[in-house]
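We number each residue from 1, following the sequence as shown. The figures here come from the full heavy-atom set of this structure, side chains too, leaving out hydrogens, waters and symmetry mates.
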Amino acid sequence: MGHLTNKLWAVVPAAGFGARMRSEIPKQYLSVLGKPVLVHTLERLASHPDLEGIVLALAEDDPYWPKEREQVDVAIPVTTVTGGAERCDSVMHALTALAGQASDNDWVMVHDAARPCVRNSDLRMLTETLRDHPIGGLLAVPVRDTMKRADYLGNVQETVDRAGLWHALTPQMFRIGVLRRALRGALDDGNQVTDEASAVEAAGLQPLLVPGHTDNFKITQPEDLALAAFYLQCQAAGQGRAALSGMDDGG
Ligand code: C5P
């Protein structure tokens, strides 16, 4: 497996609250298997051998991080910035902080704090697939259910052809210069993009979809915590088996 010729950085937007969790504590600080979701996420990202450092965007006056950071067992620097009103503002703040140390051609992987179950093998697949790409791309999975468009009362208006439809996951990985210009353009246009790829698309460029797996889901609702614990345990068990047999099972 070849290494990237340009440096690789990670940005983790973690400045949201996650109202749909109906919890007093923001969802990235809820515990799964004895560790906050965010700590799982940071350790997963940091396991990528090419990663230089992580910039974490936190809510202003986040009271949780100073205590939790002691639990984070990673060998690379984790620096923090204050996030913004929307996810795209938080990512922009992190990119601005990176500008001093990263070059425009370096890579940045933007990964939701609330996706702790991304597989190590999917992270490697993403970076390996994009290593010579001029722009970047994202992990995604094809839509598997039949898709309906509803009116505001919940009545079906039409069935949408699912051919060619994908769920956009994270990490979304772009050349830093491309992403900074695209996000700046989106923010200037008042276009509140919900992912990085949308900003890059609005700039007239075409990100590449890299097939990932559905265990890389975003914790959104209370019942998702048990699902995340289940996937993390399955992945750990798979890695244990793979280590014994000397094989990589993709966990
Ligand atoms: O709310 P949602 O699940 O879509 O948020 C996706 C990610 O963006 C989360 O990790 C959240 O903490 C982050 N976010 C942020 N700044 C905001 C809003 C969301 O960093 N203003």
Side-chain angles (χ1 to χ4, degrees), residues 4 6-18 26 28-29 36-116 118 123 126-127 130 135-138 170-189 191-200 202-203 207:
L4 293 171
N6 292 97
K7 287 184 174 172
L8 173 68
W9 308 85
V11 161
V12 176
F17 187 79
Q28 58 272 26
Y29 292 111
V37 168
L38 176 61
V39 175
H40 284 287
T41 303
L42 294 174
E43 290 177 356
R44 204 40 81 92
L45 284 174
S47 72
H48 192 293
D50 290 346
L51 199 66
E52 299 281 332
I54 302 176
V55 183
L56 184 59
L58 299 172
E60 202 171 8
D61 302 326
D62 176 323
Y64 304 98
W65 174 247
K67 186 160 66 72
E68 303 301 354
R69 72 174 311 151
E70 290 158 23
Q71 284 201 57
V72 182
D73 182 19
V74 302
I76 53 172
V78 179
T79 53
T80 61
V81 296
T82 302
E86 302 294 335
R87 184 182 185 285
C88 49
D89 300 300
S90 298
V91 172
M92 197 63 201
H93 290 186
L95 292 183
T96 305
L98 265 180
Q101 41 188 340
S103 82
D104 270 12
N105 259 343
D106 281 356
W107 290 106
V108 62
M109 288 199 294
V110 181
H111 186 58
D112 289 331
R115 292 185 194 267
V118 61
L123 294 175
L126 181 70
T127 56
L130 294 174
I135 298 155
L138 60 148
T170 74
Q172 304 204 350
M173 174 170 150
F174 290 98
R175 302 270 180 195
I176 291 183
V178 168
L179 183 58
R180 191 185 300 110
R181 283 191 294 277
L183 274 177
R184 173 54 50 220
L187 293 171
D188 287 350
D189 292 346
N191 179 5
Q192 273 180 9
V193 289
T194 51
D195 72 348
E196 290 60 53
S198 304
V200 172

Spatial distance of atom NE2 (H93) from atom CG (L58) [nearest 0.5 Å] | 13.0 Å
Does Q172 reach the side chain of L179, with side-chain heavy atoms less than 4.5 Å apart?
-> no
Determine the minimum heavy-atom distance between V11 and L95, stating which atoms define it.
-> CG2-CD2, 4.3 Å
Please list, chain by chain and in numerical order, all residues satisfying side-chain contact (heavy atoms from CB on, under 4.5 Å) with A113, sequence neighbours excluded.
-> V12, A14, Q28, L38
Test side-chain contact (heavy atoms from CB on, under 4.5 Å) on R180 and L98 and set out the steps.
-> CA-CA 11 Å; R180 191 185 300 110; L98 265 180; 5.6 Å; no
Looking only at heavy atoms, the pair that brings S90 and G84 closest together is OG-N, 3.0 Å
Taking atom CD of Q101 and atom NZ of K7, what is their separation to the nearest 0.5 Å?
-> 8.5 Å
For residues 64-82, which side-chain N or O atoms pair as donor and acceptor with protein atoms under 3.5 Å away, sequence neighbours left out?
residue: E68; atom: OE1; partner: Q71; partner atom: NE2; Å: 2.8
residue: R69; atom: NH2; partner: V78; partner atom: O; Å: 3.3

Residues in side chain to side chain donor-acceptor pair (under 3.5 Å) contact with S47, at least two apart in sequence or another chain | N120
Which pair of non-hydrogen atoms, one from N191 and one from A202, has the smallest distance, and what is that distance?
-> ND2-CB, 3.9 Å
Can you name the closest pair of heavy atoms from V178 and I135 and give their distance?
-> CG1-CG2, 4.0 Å
Does the pair D195 and V110 meet the rule for a side-chain contact (heavy atoms from CB on, under 4.5 Å), with working shown?
-> CA-CA 9 Å; D195 72 348; V110 181; over 6 Å; no
Here the pair of heavy atoms bringing T41 nearest to P116 is OG1-CA, 3.3 Å
Flag side-chain contact, heavy atom, 4.5 Å: W9 against D106 | yes
Could you walk me through whether Y29 and D62 pass the side-chain contact (heavy atoms from CB on, under 4.5 Å) check?
-> CA-CA 11 Å; Y29 292 111; D62 176 323; 2.7 Å; yes
The complete set of salt bridge (Lys or Arg N to Asp or Glu O under 4.0 Å) pairs with one or both residues in residues 77-91, sequence neighbours excluded, reads R87-D112, R87-E196
Specify the closest pair of heavy atoms between A114 and V37, including all atoms of both residues, with the distance to one decimal.
-> CA-CG1, 4.1 Å
Does A182 have any side-chain contact (heavy atoms from CB on, under 4.5 Å) partners at least two apart in sequence or in another chain, and if so, which?
-> A199, V200, A203
For N105, enumerate each residue passing the side-chain contact (heavy atoms from CB on, under 4.5 Å) test, keeping only those at least two apart in sequence or located in another chain.
-> N6, S103, R175
Do V193 and L183 have side-chain heavy atoms sitting under 4.5 Å apart?
-> yes
About how many Å separate CE of M109 and NE2 of H48, when rounded to the nearest 0.5 Å?
-> 5.5 Å
